[in-house]
Structure formats: structure tokens, C-alpha cells
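Positions are given from 1, in the same order as the sequence printed here.
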Amino acid sequence: MARSPRPGASSPALSRRGVLQLGGGVALLFATSACAADSGDKSKDGKSDGAAAKTLRIAVSSYLSSWDQDFVGFDLTALMLYKNVFPYLIDYGVTNTGGSQILDTQNITPTFAESFEPDAEQKVWTLKLRRGVKFASGNEMKAADVKWSKDRAFAAQANVAGVYRTIGLTSADQVKVVDDYTVEFHQAFPSALTRQIQAISLYVFDSVEAKKRASSSDPWAKEWFAKNPPTGGYFNVAKATQGQEIELSANTDYPGPDPAKTPTIRISVVPAASNQRLQLQAGDIDIALGISQRDIQDLKKTPGIKVISAASNRQVAIQMSVTAAPFNDVNVRKALAYAVPYEQIITNVYGGDARAAKSPVPLDMPGYDEVGYPFTHDLDKAKAAMSAAGRASLDSELVFEADNEEQQKIAVQVQSEAAKAGIRLKLTPLDPATLGERRTKKNIPLQITSGQLWVDDVEYMLATSFVKGANLNYSNYSNPEIEQIYEKSHTTVDTAARNALWKRVQEILAADVPWVVICQPNFNLPVREAVAGWVQPMDGLARLRYLSASA
């Protein structure tokens, strides 16, 4: 497993672009391998699994770093839990594709809210709360809680404040309480991203309880929220033992669609993937969220266990530094793109359980076009590109995450084929701290990355990875025309017009080749046979309310 570096707090004076890129960093995950989709509630033989179990047991690799969502960056356990225990007012809907249930990023559904709709100009969005919704404290959720939560976010100038700038929200004054159950968001401009940005930002704190814990030195109760779980989501936290276990109980007062199916979910911390595998095989846990790709392949043959699998938008790539030799020469970048053995990697690393990528824009993302990546494994073309660069050979290092078996295997296979084109690669595994330090110094010539976007849109992808200063732009890539397109996209809401912009973006990226785009691995999740109801999360964060298991 790997993740992108944690962004820091932004300056209030930071530009829209800068904070957008900060928010993009928060919202792009380098994902676990343990996510998948399930198509139904029956076992393999098609028979019912019997009475529903009251408790579902899940293993994760680490305990969460904090319960305060406003101040957590790339903590996958925390981010997954937040989706289930914070009340999010709107969320992605669910659709069925190819027999699998997946989160539908084009369909945003009110959950704790009654509705969320724009005015005619799509600049003022009105949020109406359902009446009678209560936090576990007994306090009713009202517009004042939404306002306090967003005021806190703007004061923090961290995660939510960052992503809000993408849709023209830069000040707490733009969030207005109309009455106890109505809040308006006054954007500076219309944006096609509004629903998706709000789907990841509209979580609400119990402000009545928070104010009891606030002080003059800590007006937003930051210290208290870091240690105390939120309440009022699809689940409440019944018990949390630091470093060991978290017990969730279904919120029976949840007023929206798709309430939690399982009354109790027990999440235990099992750091070692091998121990998760043993516990899953023994039936001590129902779902393992931290098992390696190799173990997953083995578990497909294990009685009592099924591996749920489906296509995902996670993308694996090699980012090349376009500002330093030798990869500041586009012909050298093309040489590497032709030298990578794409199909061999899909077969040998993923056992065929991945899709070939044809663009830096992920497959299935609106606006995707195959013009984005015209390279296939072709050593003759790789050698020709090297010749065009005036080189017979070159030396470089290829960096990957030290604890990532998947990346290590990819690195070995790229090293072998690249050498045949005269590109001699020294493999450099780095621990997270050293990798983060070198990324900050921007002195990595080649590095393997893996991630998926929380917002299923090319504008968001550009913001995070392909414009000046983008948080995840490890290639240091910049193209003047893409910069112009990116600025234009902020206020372009027409779908056809946006797709025309995205096609041109992909044509430019195909010519500039800042990334070697390797593939999109499928989600895979090993579970006990009795588990059902998995909905594939496009953001990699499991929605536990859909899960069930037979007794």
C-alpha cells in the first residue's frame, strides 16, 4: 500500500489555483489493493446465505491518526471511517455496471439532506436539511451545525477550504443560513464540479457539543475532536480502543436511503498482511482490507473465501522528471514509453487482473479518449527514439516504495526491458519519509506512482497532477496550452465543450509524454463466502452500510 504525501495547511492569501492543488492533494489517494465490487447477496452456488449476521468483522492495517476530519491528510483508515461515521449530507448514488454495484459519481444523492439544488445561474446552491435528524447526543441537526462546520473549515484553511476554491467558495461569508433547515452556498462562478466537490465536503459536526469543548485558545475544539469520534453518520462509534479495535453500531435514526444492513461492525487492527490472511482463512474475520496482491491470488483457491473483483479507476504510472536530464528530452521519454512491457506486467504482476491504460485520463472517466497514450511495447521504436535523442545509452534510477511488492515487481520488469533499449535503470526502493523528502526536493528522475481520483473529472485531474505547482505533479510538468485550457475549464459547464477541452488535453499529453501510463489494476477484496453487498468505492473508501453477512 502506498499513499501520497500529506499536504500542509495553506495560507489565507494562497491563490485559487494553489489551494485547489492543495485540496487536490487531499482528495487523490494512492490506494490499497483491497477494494472490490460485489454484484449480489448470494453465495457462488446462487443459494441464500441464510439469516443475516449481527456482527461483521473487518481487519485493517493501522489505527486512524485522528478523529478530526478537518485536519487529516492521507490516512486511509481514517478517511474510510469518516465516510461511515460522519453525517455526510449528500453522497454518491449506486449503480449496477456489468453485474457489479459501484458508486455512481454522476449521480449525487441527498442522504441526511432533503435536497441540494442550484438556482438558474448555477451559482447559488440551496441545501435543505431533513427535519428531526439527530446526532447521538440528542441534539437535532440544523442549519447552524452546517454553518459552524463550514466556518470551521474556512478558519482551518486546510482540506475543505482547499477543495471549495475549485467551485468559487473562498470565504465563510458565502455560506448563509436562511432558516433552521436551509443553507445557501453563494459561489463566485458556476462550476461543473459543484456536486462532486460538495459530496466530499458536506460533513457536519455537532456544533452544540463542540461549543461546550471550545475555549479561547481552542475556539474550534480541535483538541477534543482529535480524540473523540463524531456521531450521527450511517454508524456511530460504540467503542474505540486506541491502536486495537473500533466497534461501530448502525445509526437506527438515519433518515435517508440505504441504511446500514449490519447492526454491528467490529474493525480490528492487524498490521501484518500475513496475519490478516491467516485470520481470514480461520474465519476470525470476514473481510481483510490489507492483504497483498500475491495473497489475494492464492486466496482465490481457498475454500470458504471469495475474492470480489471488478474494474477500477486506479492508475499505475511512471512519472518522469521533464525538467532534468536525461528525461527533459521528449525523445528519451518516448523511448522509455516504448520500452515498458505493458502486457507482460499485466500478466506477471496482476495475473491478468488489470486493464491496459490508453491515456493519463483514467478509463471510464468522462472525457476519456484513447488519443492520450499511443505507446505500446516496441523495442525497435524505443531504440529509434533513443537515436533521435542522440543517445546510444543512458543511466538513471527508478524509485519505488520500499514496502510495495507490486511496485517492486513492476520495477524489475521495466528495468529488464529498458536495458534492451539502452536505458540502464538502478532500482531504488525508498521508505515513506525518504520518498517524501525527495519528492519535496524534486530530485527523482523516475518514480512509480499509483492512485485514484476522488472527483471523477479531468479538471480535477489537471489540478492535482498536470499544471504548475500541482501537489502530485512529480514530473514538474507544464505546458502553456494546458494551463490555458485548465483556466478555461473552471467556468465551462457544458458537457460537450468540456469534452472538447479534454480531448485536446490528451493530444498534448500524448506528444509531451510526462508519464508512462502502465495499467489500471482491478479492485480485489478477499472476504468470507458469507459476505455480500459490497459497493465498489471509486474513491477507494468503503461504504460499510451496504455490507452484510449470513450468520
Side-chain angles (χ1 to χ4, degrees), residues 6-16 18-28 65-75 78-79 81-83 85-91 111-113 116 125 127 129 135 141-177 183-188 191 193-211 213-214 218-226 228-233 454-455 460 463 471 539 541:
R6 186 187 189 287
S10 61
S11 162
L14 199 59
S15 68
R16 174 175 179 243
V19 183
L20 183 156
Q21 288 154 359
L22 165 65
V26 173
L28 188 144
S65 57
S66 170
W67 287 104
D68 191 340
Q69 183 159 4
D70 276 340
F71 294 97
V72 166
F74 295 96
D75 179 339
L79 294 170
L81 280 168
Y82 297 160
K83 286 293 182 186
V85 300
F86 270 94
Y88 276 79
L89 299 181
I90 60 176
D91 201 353
T111 52
F112 290 88
F116 181 61
W125 288 72
L127 178 76
L129 295 174
F135 295 99
M141 184 186 299
K142 293 187 175 180
D145 295 300
V146 179
K147 174 62 176 170
W148 187 89
S149 299
K150 298 311 118 186
D151 286 352
R152 186 179 198 261
F154 282 113
Q157 281 296 306
N159 301 347
V160 169
V163 296
Y164 265 175
R165 289 183 183 253
T166 65
I167 57 175
L169 293 173
T170 57
S171 165
D173 294 341
Q174 293 172 274
V175 183
K176 302 180 185 297
V177 172
V183 182
E184 290 180 348
F185 293 80
H186 292 252
Q187 298 179 186
S191 171
L193 298 182
T194 296
R195 283 191 171 88
Q196 290 197 57
I197 292 296
Q198 290 286 21
I200 65 177
S201 304
L202 268 176
Y203 51 86
V204 179
F205 293 96
D206 182 344
S207 67
V208 174
E209 291 302 303
K211 290 175 182 176
R213 275 81 181 183
D218 185 12
W220 299 106
K222 185 177 176 181
E223 183 177 345
W224 188 81
F225 274 118
N228 293 276
T231 68
W454 280 16
V455 176
Y460 202 77
N471 190 269
D539 52 17
L541 306 176

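Annotation: the span from I200 atom CD1 to R195 atom CZ amounts to 15.5 Å, rounded to 0.5 Å. With rounding to the nearest 0.5 Å, the separation of CG in L193 from OG1 in T166 is 5.5 Å. We find the CZ-CD distance between R152 and Q69 to be 10.5 Å, quoted to the nearest 0.5 Å. Between I167 atom CD1 and T194 atom OG1 the span is 4.5 Å, to the nearest 0.5 Å. Note that the OG atom of S191 and the CD1 atom of I197 stand 7.5 Å from one another [nearest 0.5 Å].
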Original post:
Between V183 and K150, is a side chain to side chain contact (heavy atoms under 4.5 Å, CB included) present by the stated rule, with each step listed?
Top reply: CA-CA 11 Å; V183 182; K150 298 311 118 186; over 6 Å; no

**OP:** Evaluate the side chain to side chain contact (heavy atoms under 4.5 Å, CB included) criterion for residues F205 and D68: first the C-alpha distance (whole Å), next the side-chain angles of each, then the deciding distance (0.1 Å), finally the verdict.
**Re:** CA-CA 10 Å; F205 293 96; D68 191 340; 4.0 Å; yes

**OP:** Report the C-alpha distance between V204 and Y88 in whole Å, list the side-chain angles of each, state the deciding distance to 0.1 Å, and finish with yes or no for side chain to side chain contact (heavy atoms under 4.5 Å, CB included).
**Re:** CA-CA 7 Å; V204 179; Y88 276 79; over 6 Å; no

Subject >> From CA spacing to verdict: side chain to side chain contact (heavy atoms under 4.5 Å, CB included), V175, F154 >> reply: CA-CA 10 Å; V175 183; F154 282 113; 4.1 Å; yes

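Legend: residues meeting ring pair (Phe, Tyr, Trp, His ring centres under 6.0 Å) with W67, ordered by chain and number and at least two apart, are absent. Applying the side-chain hydrogen bond (donor to acceptor under 3.5 Å, both in side chains) criterion to Y203, with sequence neighbours excluded, gives D70. Not counting sequence neighbours, S171 has no partner by the side-chain hydrogen bond (donor to acceptor under 3.5 Å, both in side chains) test. Residues meeting the side-chain hydrogen bond (donor to acceptor under 3.5 Å, both in side chains) test with T231, sequence neighbours left out: none. Among residues two or more places apart in sequence or in another chain, the salt bridge (charged side-chain N to carboxylate O under 4.0 Å, His left out) test is passed with K147 by D151.
The shortest distance between side-chain heavy atoms of K211 and W148 falls below 4.5 Å. At least one side-chain heavy atom of F135 sits less than 4.5 Å from a side-chain heavy atom of P87.
Considering all non-hydrogen atoms of both residues, A226 and S66 come closest at CA-OG, 3.5 Å. For A153 against A161, the heavy-atom pair with the smallest separation is O-CB, 3.7 Å. When all heavy atoms are compared, the tightest approach of L129 to A143 is CD1-N, 3.4 Å. When every heavy atom of A113 is checked against every heavy atom of I90, the shortest pair comes out as CB-CG2, 4.4 Å. Minimum interatomic distance between W220 and A155 (heavy atoms only, all atoms of both residues): NE1-CB, 3.4 Å.
With D218 contributing its side chain and A214 its backbone, the two residues share no donor-acceptor pair below 3.5 Å. Under a 3.5 Å cut-off, the side chain of D145 and the backbone N or O of K142 do form a donor-acceptor pair. In terms of modelled atom types and a separation under 3.5 Å, the side chain of Q174 and the main chain of H186 share a donor-acceptor contact. Using a distance-only test at 3.5 Å, with no hydrogens or angles considered, no donor-acceptor pair links the side chain of Q196 to the main chain of V455.
Taking the six-membered ring for Trp and thresholds of 30 and 60 degrees, F116 and F185 have ring planes more than 60 degrees apart, a perpendicular arrangement.
With 3.5 Å as the limit, one finds no donor-acceptor pair spanning the side chains of D91 and T111. Under the 3.5 Å distance criterion, with hydrogens and angles disregarded, a donor-acceptor pair is assigned to the side chains of Q198 and Y164.
With a 6.0 Å radius and a threshold of 12 heavy atoms from other residues, nucleotides or ligands, K222 has its NZ atom at or below the threshold.
Residue pairs that meet the salt bridge (charged side-chain N to carboxylate O under 4.0 Å, His left out) test with at least one member in residues 199-209, sequence neighbours left out, are E209-K212, E209-R213.
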